[in-house]
Amino acid sequence: MSTEDLPAPRSLAEALRARDDASLAALLRRRPDLITPVPTDLTQLATRAGTRASVVRALERLDRFALQTAEALAVAGDPASYDELLGLMAGDAADEAVVAALPAAVAALREQALVWGADDRLRLVRTARELLAPSPQHPSPTGLGPSVQEATAGMSPGRIQEIVSAAGLPSTHDSVSAVAALTALFTDRKKMKRLLGQAPADSLDVLDRLVWGPPYGQVTPDPAPRLRWLLDRGLLLPTAPGTVVLPREVALHLRAGRAHRTPEPVPPAVEPAVVHRPQVVDGTAAGQAYTALATVEELLKEWDEGGPAVLRAGGLSVRDLKRTAVALDVSEPVAAFWVELAYAAGLLASDGEADERYAATPAYDEWRERPAAERWARLAEAWLVATRTSGLVGGRDAKERTLSTLGPGLDRSAAPEVRHRVLTLLAALPEGGAPDAEAVLARLRWERPLRGAQSEDDLRTRLARWTLTEAELLGVTGRGALSAHGRALLGVAVARRTAEEPKGPGDKLPVHHRPSAPPEHLSPPEQAVATAAAARLLTPLLPEPLDHVLLQADLTAVAPGPLHRPLADMLGVLADVESKGGATVYRFTPASVRRALDAGRSASDLHAFLAAHSRTPVPQPLAYLIDDVARRHGHLRVGAASAYVRCDDETLLNEILADKRAAALRLRRLAPTVVAAQADPATLLDGLRAMGFAPAAESAEGDVLISRAHAHRTPPRTAPEPVPEGPPVPDATLLAAAIRAIRAGDLASTTPRKPTDATQLAPGELPRTSSAETLATMQAAVLTGEALWIGYVNAEGTASQRVIAPVRVEGGFVTAYDHTADEVRTYPLHRITGVAELADD
């Protein structure tokens with residue numbers, strides 16, 4: 001039997017039943033909420049597809065033209081023919097772009113089970129029609145009002161006959177035929193043209209104001225002549241006291257048949273506003289990627305000994321965010337981005353102590369040891385899939401509470417999809433092409449018109465703007481164009497012709513091919529491969545770490561690039577960072593040198609370190625500074641008595657006791673070389689250093705204590721899980737299993753049964769037979785080899801219908817081939833609610 005010979009479906013369930021597995025898989029992939037949980041059969045699938053929540057979710061994922069098509073079907077007849085729909089979309093002028101795009105839009109609505117039926121009987125799902133059809137409370141997005149039949153539903157028969165007569169139509173015997181005649185008049189282009197040709201000019205002005213919506217207007221009890229002319233002929237119909245409406249048929253005539261003022265069959269183009277050389281884009285992005293790594297490391301170094309305290313409600317305080325922004329030398333929104341990125345990558349978290357603070361996680365130490373490109377790839381992948389949105393920091397939630405960095409309420413499930421889509425649009429451009437931001441935003445609004453309002457401040461628009469900014473900060477893009485490693489992160493392979501290859505006439509730069517479109521979704525293994533590819537592409541673009549600095553006579557050292565970690569760590573102890581940029585400048589001070597000595601280094605160690613890592617001779621002022629600080633370092637010893645100071649030089653102790661600044665330390669001489677203090681050792685050390693001395697702390701045994709920074713780490717923490725936007729898209733394995741289960745359940749529920757009392761059941765109701773009848777029917781089926789229809793309740797209490805062919809009945813169990821599961825199974829007889837024989841055909 002051919003497809004043309006199949007009877008027209010009478011319901012959505014029948015339409016779904018006629019689909020093949022590939023079509024059902026496409027439906028479930030676009031609407032994953034339909035298989036959460038898996039429906040028992042196609043009837044239940046159709047019912048779930050028509051629920052309000054599911055339909056709203058599906059409508060929100062339509063592009064603007066598909067949504068306009070659904071809106072046109074909502075104001076068309078039910079059912080509507082394809083030609084009627086085409087007339088509403090393309091108008092009398094038959095817009096060629098609309099004509100070309102409409103079949104794909106209808107196919108998309110069919111695929112998502114929002115429309116069903118053949119082209120001559122297209123039906124919009126009832127819930128979608130209710131949502132999109134016009135009503136006084138919810139005007140249609142098309143701006144159309146109710147039909148003549150709907151608007152005259154409560155009108156008296158006499159008044160309807162008066163309108164018919166005033167419109168130049170013959171009187172009828174009943175209201176139904178009168179309304180039909182009026183509708184026929186309003187849908188006849190020639191007759192309507194003659195009727196409106198008789199209208200006063202000011203009456204036509206009234207129609208012009210209402211034609212594109214809203215179609216409702218207010219009138220007084222004694223309407224003006226221009227309104228009276230329209231009311232008498234039914235061109236305006238009363239809907240409530242003081243309210244009139246422009247009938248849908250009249251509006252469509254005035255619109256030349258179009259349901260929408262501006263159909264948008266073609267998405268707004270995203271074209272490059274500027275084209276850079278791809279090498280420049282990649283180099284710029286790589287430079288920013290290196291800056292991103294340095295910024296995250298500096299952030300975690302600031303919090304190495306324990307970061308800011310966690311607010312009672314969670315998150316950072318405004319003061320701590322400002323302090324972090326000053327330390328990183330960035331604005332507060334940018335600081336919030338870096339903090340949230342480190343959190344999303346699992347590099348920082350709260351320590352969970354009683355005095356809860358933020359600190360680096362153990363994963364941070366492992367991350368620091370990885371190559372630079374791999375460290376960047378981890379940050380980029382975490383950003384791509386994170387639902388936490390730093391751009392919301394400083395705003396307010398639904399309860400008017402301020403949203404704080406690392407606090408609750410920052411998850412937006414649409415963020416990963418928007419980020420991926422924005423980068424996908426950039427990936428579709430030629431390499432080096434940077435689009436105008438407004439073109440990207442216009443495209444996103446076309447693709448998801450219901451997700452964000454038309455305002456410039458809707459969530460998706462803000463997410464897109466933040467994505468463009470954050471991608472530049474992170475080094476995914478450079479100069480507004482997607483970099484090569486950014487494309488790889490999306491799973492895009494780019495074929496690039498090198499400069500050495502022959503070029504065509506007039507070529508000035510190497511040709512860069514337009515890349516293929518990135519895949520819509522990457523599975524975790526695929527994303528891992530893409531992330532590794534991005535790291536490989538970035539590796540040669542990052543500067544190689546240096547093992548040297550340039551010492552200068554003004555007590556500074558210049559690092560002309562990134563330093564190897566041991567060198568950078570030691571230099572960070574021995575000197576203070578004075579400026580950053582392409583080259584980092586370090587300054588040596590007495591305090592910084594003393595810091596290195598406190599960390600256990602000797603003067604000879606420091607001289608050897610500088611000599612080994614400087615491309616210039618060690619300047620004499622720096623050598624003198626180290627020797628001078630080292631000579632005085634440890635001359636005084638501070639220990640715990642409450643605290644004491646001991647020194648072999650009695651003159652130096654006399655000087656300290658005579659200094660007025662020592663009064664706060666409450667010193668008392670115990671012996672010629674020992675002075676006791678009532679302050680604790682740490683306070684005594686700080687006080688003496690403030691007076692210009694260089695004391696060293698000692699242990700109870702008299703050994704010098706080495707003061708090292710204590711790196712505070714949280715217990716092992718996992719990165720925060722993204723908050724999904726509805727059910728996840730099922731993979732191929734889950735789809736195949738779900739479709740197999742739905743088909744099996746549908747077979748059981750639709751298989752014809754012999755007409756007995758047991759089969760006279762409501763839809764979905766299980767058969768009921770006694771234990772003796774069930775056993776006898778099973779035993780008979782074993783002998784005859786016939787299939788049976790059974791009701792079965794499993795151990796969890798879930799009821800289902802099955803078609804089985806019994807093979808053996810013994811010990812209270814039946815072993816049978818289950819047609820619904822397509823395998824041999826064993827069922828306890830006491831869990832079978834009933835049994836019925838199948839029809840002979």
Side-chain angles (χ1 to χ4, degrees), residues 58-112 114-115 117 119-120 122-125 128-129 131-134 138-147 186-187 189 192 207-215 246-271 425 438-455 458 460:
L59 291 175
E60 286 180 344
R61 301 195 70 84
L62 294 178
D63 63 50
R64 191 180 301 281
F65 188 65
L67 182 61
Q68 287 181 330
T69 303
E71 291 165 353
L73 277 172
V75 298
D78 186 23
S81 67
Y82 182 85
D83 291 339
E84 180 183 356
L85 174 63
L86 179 61
L88 288 170
M89 294 299 296
D92 296 345
D95 187 325
E96 292 183 0
V98 173
V99 172
L102 188 59
V106 174
L109 293 174
R110 270 205 186 103
E111 180 185 89
Q112 299 193 51
L114 293 172
V115 168
D119 282 353
D120 59 339
L122 293 174
R123 290 184 181 273
L124 189 64
V125 172
R129 178 175 288 274
L131 290 168
L132 300 176
H138 304 285
S140 168
T142 61
L144 293 170
S147 64
F186 291 163
T187 53
R189 294 283 190 269
M192 275 295 288
L207 295 180
D208 288 340
R209 289 198 295 271
L210 298 176
V211 64
W212 292 109
L246 181 68
R248 185 183 307 167
E249 293 83 357
V250 177
L252 287 173
H253 172 81
L254 296 172
R255 297 178 177 195
R258 295 202 311 273
H260 296 86
R261 188 168 198 165
T262 309
E264 298 182 54
V266 180
V270 179
E271 297 293 342
L425 291 174
E438 290 304 317
V440 174
L441 299 180
R443 178 63 168 267
L444 291 179
R445 285 193 287 267
W446 184 91
E447 291 179 346
R448 294 288 186 272
L450 284 183
R451 275 300 178 89
Q454 298 303 314
S455 68
D458 65 86
R460 282 179 65 84

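When atom types are taken as modelled, the side chain of E447 and the backbone of R64 share no donor-acceptor pair closer than 3.5 angstrom. In this structure a side-chain-to-backbone donor-acceptor pair under 3.5 Å is present from E84 to G77. Under a 3.5 Å cut-off, the side chain of R255 and the backbone N or O of V250 do not form any donor-acceptor pair. Here the side chain of W212 pairs no donor or acceptor atom with the backbone of H260 at under 3.5 angstrom. No donor-acceptor distance shorter than 3.5 angstrom exists from the side chain of R189 to the backbone of D92, with no hydrogens or angles considered.
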Set out, in order, the CA-CA distance, both residues' side-chain angles and the distance that settles side-chain contact (heavy atoms from CB on, under 4.5 Å) for V115 and V125, then state yes or no. CA-CA 6 Å; V115 168; V125 172; over 6 Å; no
Please evaluate residues L62 and T69 with respect to the criterion side-chain contact (heavy atoms from CB on, under 4.5 Å), reporting the C-alpha separation (whole Å), side-chain torsions for both, the decisive distance (0.1 Å), and the verdict. CA-CA 10 Å; L62 294 178; T69 303; over 6 Å; no
Could you walk me through whether V75 and S140 pass the side-chain contact (heavy atoms from CB on, under 4.5 Å) check? CA-CA 8 Å; V75 298; S140 168; 4.1 Å; yes
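Heavy-atom minimum distance, M89 versus A72: SD-CB, 3.5 Å. Contact between P449 and L67 at its shortest, heavy atoms only, is CG-CD2, 3.8 Å. Residue A70 comes nearest to L124 through the heavy atom pair O-CD2, 3.6 Å, listed as atom of the first residue, atom of the second, then distance. Residues G145 and R248 come closest through the heavy atom pair O-NE, 3.0 Å. Across F65 and E264, no two heavy atoms sit closer than the pair CB-O, 3.3 Å. Closest approach of V106 to Y82, counting heavy atoms only: CG2-CE1, 4.0 Å.
Residues P265 and V98 have side chains in contact (heavy-atom distance under 4.5 Å, counting atoms from C-beta outward). The side-chain heavy atoms of L425 and L444, taken from C-beta on, include a pair separated by under 4.5 Å.
Between the CG atom in L59 and the CZ atom in R448 there is a gap of 12.0 Å [rounded to 0.5 Å]. Rounding to the nearest 0.5 Å gives a distance of 12.0 Å between CG of L132 and CD of Q68. Note that the CG atom of L252 and the CE atom of M192 stand 10.0 Å from one another [nearest 0.5 Å]. One finds the CG atom of D120 at 10.0 Å from the CG atom of D83 (value rounded to the nearest 0.5 Å). Annotation: the span from L88 atom CG to T142 atom OG1 amounts to 9.0 Å, rounded to 0.5 Å. From D208, atom CG reaches atom CG of L254 across 7.0 Å, with rounding to the nearest 0.5 Å.
Looking at D78 and R123, a side-chain N of the basic residue comes within less than 4.0 Å of a carboxylate O on the acidic one, giving a salt bridge. Salt-bridge check for R258 with D95: failed, with every basic side-chain N at 4.0 Å or more from each acidic carboxylate O. The existence of a salt bridge linking D119 and R110 is confirmed by a sub-4.0 Å separation between a basic side-chain nitrogen and an acidic carboxylate oxygen.
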